[in-house]
Amino acid sequence: MKKMTDREQSAPGPASGAQVRKDGDKWTLILVRELRHSPEKVWQALTDPAQLREWAPFDADRSLGTVGSTVKLTTVGAPTPHVSETTVTRADAPKALQYNWGGFDIRWELEVFGGGTRLTLWTNIDRRFISMGAAGWHICFDVLERLLAGEPIGRIVGAEAMKFGGWQRLNAEYAKQFGVETPGWPSRPRT
């Protein structure tokens with residue numbers, strides 16, 4: 001009998017903690033996750049290249065923890081690796097981090113919450129990919145949580161995330177929450 005791996009057992013929870021804001025033609029995806037770890041520990045996972053390699057959808061060639069530093073971010077899981085150079089525009093440890101990734105603004109906010117951290121991600125996103133982005137980041141956050149707990153399962157991003165058990169369900173749940181069509185599936189003609 002085949003033993004299930006930690007990764008197979010780690011089905012993502014229901015779609016939650018996400019909202020969308022529209023400002024003119026710009027759409028912003030906001031995801032909130034409460035983690036059982038200190039802001040200092042979460043900050044390290046957001047800025048340290050070795051930890052980013054364990055959960056984030058990109059690799060960083062140096063720390064993201066210093067304002068003004070130029071960092072190369074390489075998208076992981078894309079058909080062809082996309083490398084973008086970013087400058088960290090805000091690094092207020094362990095409270096706020098801001099940079100641009102592939103043309104999208106990324107802002108992280110960390111607040112002490114209970115015995116841990118409330119982590120908020122703000123990212124502008126193409127409207128067509130809102131539910132996919134929410135589902136992808138949801139899985140990244142699940143992997144981050146396991147990493148911080150000392151039970152790393154390895155990152156699940158890009159095409160691999162789309163094959164991952166809970167991704168299709170999350171994509172559909174977020175699409176419904178946001179009132180958008182689920183991308184990638186033909187829409188039924190309205191009668």
Side-chain angles (χ1 to χ4, degrees), residues 4-23 26-47 51-52 54-58 76-77 94-98 101 104-185 187:
M4 274 182 87
T5 65
D6 282 352
R7 189 175 224 181
E8 288 166 333
Q9 287 172 341
S10 64
S16 66
Q19 54 177 299
V20 174
R21 293 212 181 134
K22 185 178 186 300
D23 180 20
K26 264 180 101 169
W27 291 78
T28 302
L29 175 63
I30 305 157
L31 288 162
V32 180
R33 181 67 68 99
E34 286 158 10
L35 300 165
R36 301 180 309 263
H37 309 277
S38 71
E40 291 76 15
K41 190 169 182 180
V42 175
W43 177 265
Q44 285 302 314
L46 295 178
T47 57
Q51 291 191 50
L52 286 164
E54 293 290 323
W55 70 273
F58 54 78
V76 176
K95 294 186 176 109
L97 178 66
Q98 199 164 330
W101 172 43
F104 296 102
D105 295 319
I106 300 274
R107 185 170 98 224
W108 299 97
E109 290 177 2
L110 298 82
E111 297 169 80
V112 174
F113 178 79
T117 303
R118 177 182 286 134
L119 179 64
T120 306
L121 165 65
W122 305 68
T123 178
N124 59 318
I125 191 164
D126 185 311
R127 182 181 185 277
R128 294 169 300 171
F129 303 117
I130 288 170
S131 61
M132 293 172 81
W137 280 110
H138 181 119
I139 290 171
C140 285
F141 283 4
D142 285 355
V143 173
L144 170 62
E145 210 160 341
R146 296 288 295 263
L147 173 69
L148 292 170
E151 305 162 355
I153 57 172
R155 71 174 151 203
I156 304 170
V157 296
E160 191 185 343
M162 292 180 188
K163 287 184 228 150
F164 186 62
W167 189 88
Q168 296 283 2
R169 174 180 55 78
L170 282 170
N171 185 27
E173 286 175 17
Y174 281 119
K176 191 173 175 188
Q177 276 184 28
F178 301 149
V180 295
E181 284 189 14
T182 307
W185 293 334
S187 54

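- Distance check, rounded to the nearest 0.5 Å: CG of L97 to CD1 of I106 gives 9.5 Å.
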Using side-chain contact (heavy atoms from CB on, under 4.5 Å), reason through H138 and Y174 one step at a time and then give a plain yes or no.
CA-CA 10 Å; H138 181 119; Y174 281 119; 2.8 Å; yes
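- Here the side chains of V180 and R127 are in contact, with some heavy-atom distance below 4.5 Å.
- Put simply, CG on L147 and CD on Q51 are 5.5 Å apart, with the number rounded to the nearest 0.5 Å.
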Between D105 and Q98, does the side-chain contact (heavy atoms from CB on, under 4.5 Å) criterion hold? Intermediate values first, please.
CA-CA 7 Å; D105 295 319; Q98 199 164 330; 5.5 Å; no
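- Of all the heavy atoms in A15 and L170, the pair that sits closest is N-CD2, 3.7 Å.
- By the ring pair (Phe, Tyr, Trp, His ring centres under 6.0 Å) test, W101 is found to be paired with F58, residues two or more places apart in sequence or in another chain being considered.
- In this view, D126 and R128 satisfy the side-chain hydrogen bond (donor to acceptor under 3.5 Å, both in side chains) rule, not counting sequence neighbours.
- Contact check for Q177 versus Q19: no side-chain heavy atoms found under the 4.5 Å cut-off.
- With W55 as the aromatic partner, R155 does not meet the cation-pi criteria of under 6.0 angstrom to the ring centre and within 45 degrees of the ring axis.
- In terms of the salt bridge (charged side-chain N to carboxylate O under 4.0 Å, His left out) criterion, E40 has no residue partners (sequence neighbours excluded).
- With sequence neighbours excluded, the residues satisfying ring pair (Phe, Tyr, Trp, His ring centres under 6.0 Å) with W137 are W108.
- Rounding to the nearest 0.5 Å places CH2 of W43 at 6.0 Å from OG1 of T47.
- Taking the side chain as every heavy atom from C-beta outward, F164 and P12 approach each other to under 4.5 Å.
- Nearest approach of P152 to E54, heavy atoms of both residues: CB-OE1, 4.0 Å.
- With a 4.5 Å cut-off on side-chain heavy atoms, L144 and L119 count as touching.
- Contact between D142 and R33 at its shortest, heavy atoms only, is OD1-NH1, 2.8 Å.
- Of the charged side-chain nitrogens involved, none lies within less than 4.0 Å of a carboxylate oxygen, so that E111 and K95 do not count as a salt-bridged pair.
- Within the 3.5 Å criterion, the main-chain N or O of N124 finds no donor-acceptor partner in the side chain of K26.
- For the residue pair T117 and P39, the shortest heavy atom distance occurs at OG1-N, 2.9 Å.
- In this structure, L35 and E145 have side chains that are in contact, with non-hydrogen atoms separated by less than 4.5 Å.
- Taking both residues in full, the closest heavy atoms of A45 and L52 are given as O-CD2, 3.5 Å, listed atom of the first, atom of the second, then distance.
- The shortest side-chain heavy-atom distance between T120 and I30 falls under the 4.5 Å cut-off.
- Partners of R118 by salt bridge (charged side-chain N to carboxylate O under 4.0 Å, His left out), not counting sequence neighbours, listed by chain and number: E34.
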Working for side-chain contact (heavy atoms from CB on, under 4.5 Å), residues T28 and D23:
CA-CA 8 Å; T28 302; D23 180 20; 6.0 Å; no
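- Here I156 contributes atom CD1 and M162 contributes atom CE; the two are 13.5 Å apart, rounded to the nearest 0.5 Å.
- With rounding to the nearest 0.5 Å, the separation of CG in L148 from CD in Q44 is 10.5 Å.
- Counting all heavy atoms, side chain and backbone alike, L29 lies closest to G133 at CD2-C, 3.8 Å.
- Side-chain contact annotation: S131 with N171, donor-acceptor N/O pair under 3.5 Å present.
- Residues passing the salt bridge (charged side-chain N to carboxylate O under 4.0 Å, His left out) test with R21, sequence neighbours excluded: none.
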Let's go through I130 and W27 carefully: what are the C-alpha distance in whole Å and the side-chain angles of both, what is the deciding distance for side-chain contact (heavy atoms from CB on, under 4.5 Å) to 0.1 Å, and is it a yes or a no?
CA-CA 8 Å; I130 288 170; W27 291 78; 3.5 Å; yes
